[in-house]
Amino acid sequence: MPTFDLATSQLRDLNQALHAVEAGTNDLDFEILNPRGSHAVAVGCDHPLNISVKGPVGYYCGGMNAQATITVKGSAGPGVAENMMSGLVVIEGDASQYAGATGRGGMLVIRGNAASRCGISMKGIDIVVEGNIGHMSAFMGQSGNLVVLGDAGEALGDSLYEAKLFVRGTVKSLGADCIEKEMRPEHHELLAGLLEKAGITGVETREFKRYGSARTLYNFNVDNADAY
């Protein structure tokens with residue numbers, strides 16, 4: 001298992017090593033020690049790696065991830081898993097603002113809380129937050145799923161397109177064009193699968209409410225001008 005200690009190694013050397021892994025190799029496990037809030041840890045991975053980060057990270061950890069499984073044994077700064085394509089990113093602590101922003105695929109799991117704008121402009125990513133999320137989360141969410149086991153802040157799902165939002169706790173307020181929707185059997189099935197994939201047990205899907213777009217802001221209509 002290659003080990004990089006960022007107390008003595010350069011971050012550039014780490015990321016270059018992650019990018020240089022050759023197809024077909026069996027040495028896919030990496031350990032990163034002493035990240036100490038470093039920015040851009042394990043960005044742009046495009047191999048089925050297993051990366052364990054032993055400590056907190058700064059901005060954009062796991063950004064543009066494809067295929068890799070990245071586990072951060074600590075908290076993460078802004079933009080974790082931004083523009084993620086596939087794979088799995090797990091944050092065992094809290095995440096700062098715009099976690100999973102513009103994510104196109106894969107799954108982001110946050111064991112703690114997420115700050116404001118979690119899932120902003122999400123485009124296919126699945127995000128599961130075991131704690132609470134801040135204001136303006138899923139703003140302009142286009143597709144994908146956001147699951148929150150705790151509470152949601154103000155303006156949830158503002159200007160939402162077709163992303164699906166599931167919240168177990170309370171929602172302080174809904175954003176423009178976001179409404180509560182019926183939990184049909186297919187939604188219970190979808191949610192159960194997401195919880196299972198995120199490694200969450202002992203939670204019933206009936207405890208959640210679903211929120212989605214009222215579909216009145218897709219195109220400008222003068223009758224809906226007050227909602228913009």
Side-chain angles (χ1 to χ4, degrees), residues 2 4 11-12 14-32 35 38-53 57-92 95-111 114-115 117-130 133 137-148 157 160-166 190-191 193-200:
F4 283 81
L11 178 63
R12 177 172 293 184
L14 164 65
N15 285 331
Q16 285 180 339
L18 295 174
H19 297 167
V21 173
E22 296 182 359
T25 183
N26 293 321
D27 200 1
L28 298 175
D29 297 332
F30 284 76
E31 183 179 57
I32 302 171
S38 296
H39 304 317
V41 172
V43 296
C45 294
D46 194 17
H47 302 283
L49 307 175
N50 296 304
I51 303 169
S52 178
V53 185
V57 293
Y59 283 73
Y60 305 122
C61 176
M64 299 179 290
N65 184 54
Q67 305 187 64
T69 295
I70 302 171
T71 302
V72 176
K73 298 181 182 302
S75 295
V80 63
E82 184 185 44
N83 206 36
M84 181 175 173
M85 300 296 179
S86 63
L88 174 65
V89 176
V90 179
I91 307 300
E92 294 191 350
S96 190
Q97 57 190 346
Y98 46 91
T102 72
R104 295 176 178 272
M107 174 175 275
L108 168 63
V109 180
I110 300 168
R111 301 295 183 200
R117 296 174 175 84
C118 178
I120 183 172
S121 194
M122 54 194 292
K123 297 177 174 69
I125 190 174
D126 294 323
I127 303 175
V128 179
V129 181
E130 292 195 33
I133 59 173
S137 289
F139 172 59
M140 292 187 69
Q142 295 175 34
S143 64
N145 303 285
L146 172 61
V147 179
V148 183
L160 193 67
Y161 286 81
E162 290 301 310
K164 296 180 178 64
L165 316 180
F166 301 93
L190 170 63
L191 178 55
L194 293 169
L195 292 170
E196 181 180 8
K197 187 175 179 180
I200 296 172

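- A salt bridge links R111 to E130: one of the charged nitrogens lies within less than 4.0 Å of a carboxylate oxygen.
- Considering only residues two or more places apart in sequence or on other chains, S52 meets the side-chain hydrogen bond (donor to acceptor under 3.5 Å, both in side chains) condition with none of them.
- The structure places SG of C45 at 3.5 Å from CD1 of I51, a figure rounded to the nearest 0.5 Å.
- Here OH of Y98 is found 14.0 Å from OG of S121. Values are rounded to the nearest 0.5 Å.
- Judged by distance alone, the side chain of T25 and the main-chain N or O of E22 form no donor-acceptor pair under 3.5 Å.
- The side chain to side chain donor-acceptor pair (under 3.5 Å) analysis of residues 71-80, with sequence neighbours excluded, yields no pairs.
- Separating the CG atom in L194 from the CG atom in D126 is a distance of 5.0 Å, to the nearest 0.5 Å.
- Residues satisfying the side-chain hydrogen bond (donor to acceptor under 3.5 Å, both in side chains) test with Q67, not counting sequence neighbours, are D46.
- In this structure, L108 CG and E82 CD are separated by 12.0 Å, a value rounded to the nearest 0.5 Å.
- The CZ atom of R104 lies 14.5 Å from the CG atom of N65; values are rounded to the nearest 0.5 Å.
- Shortest non-hydrogen contact noted between L165 and A138 is CD2-CB, 3.7 Å.
- No side-chain donor-acceptor contact under 3.5 Å links N83 to the backbone of G103.
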Decide side chain to side chain contact (heavy atoms under 4.5 Å, CB included) for V80 and V57; before the verdict, give the C-alpha distance in whole Å, the side-chain angles of both, and the deciding distance to 0.1 Å.
CA-CA 9 Å; V80 63; V57 293; 5.7 Å; no

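- Side-chain contact between K123 and T102: present, with at least one pair of heavy atoms (C-beta onward) separated by less than 4.5 Å.
- Rounding to the nearest 0.5 Å gives a distance of 5.5 Å between CD1 of I127 and CG of L146.
- Across every non-hydrogen atom of G106 and I125, the tightest pair is O-CG1, 3.7 Å.
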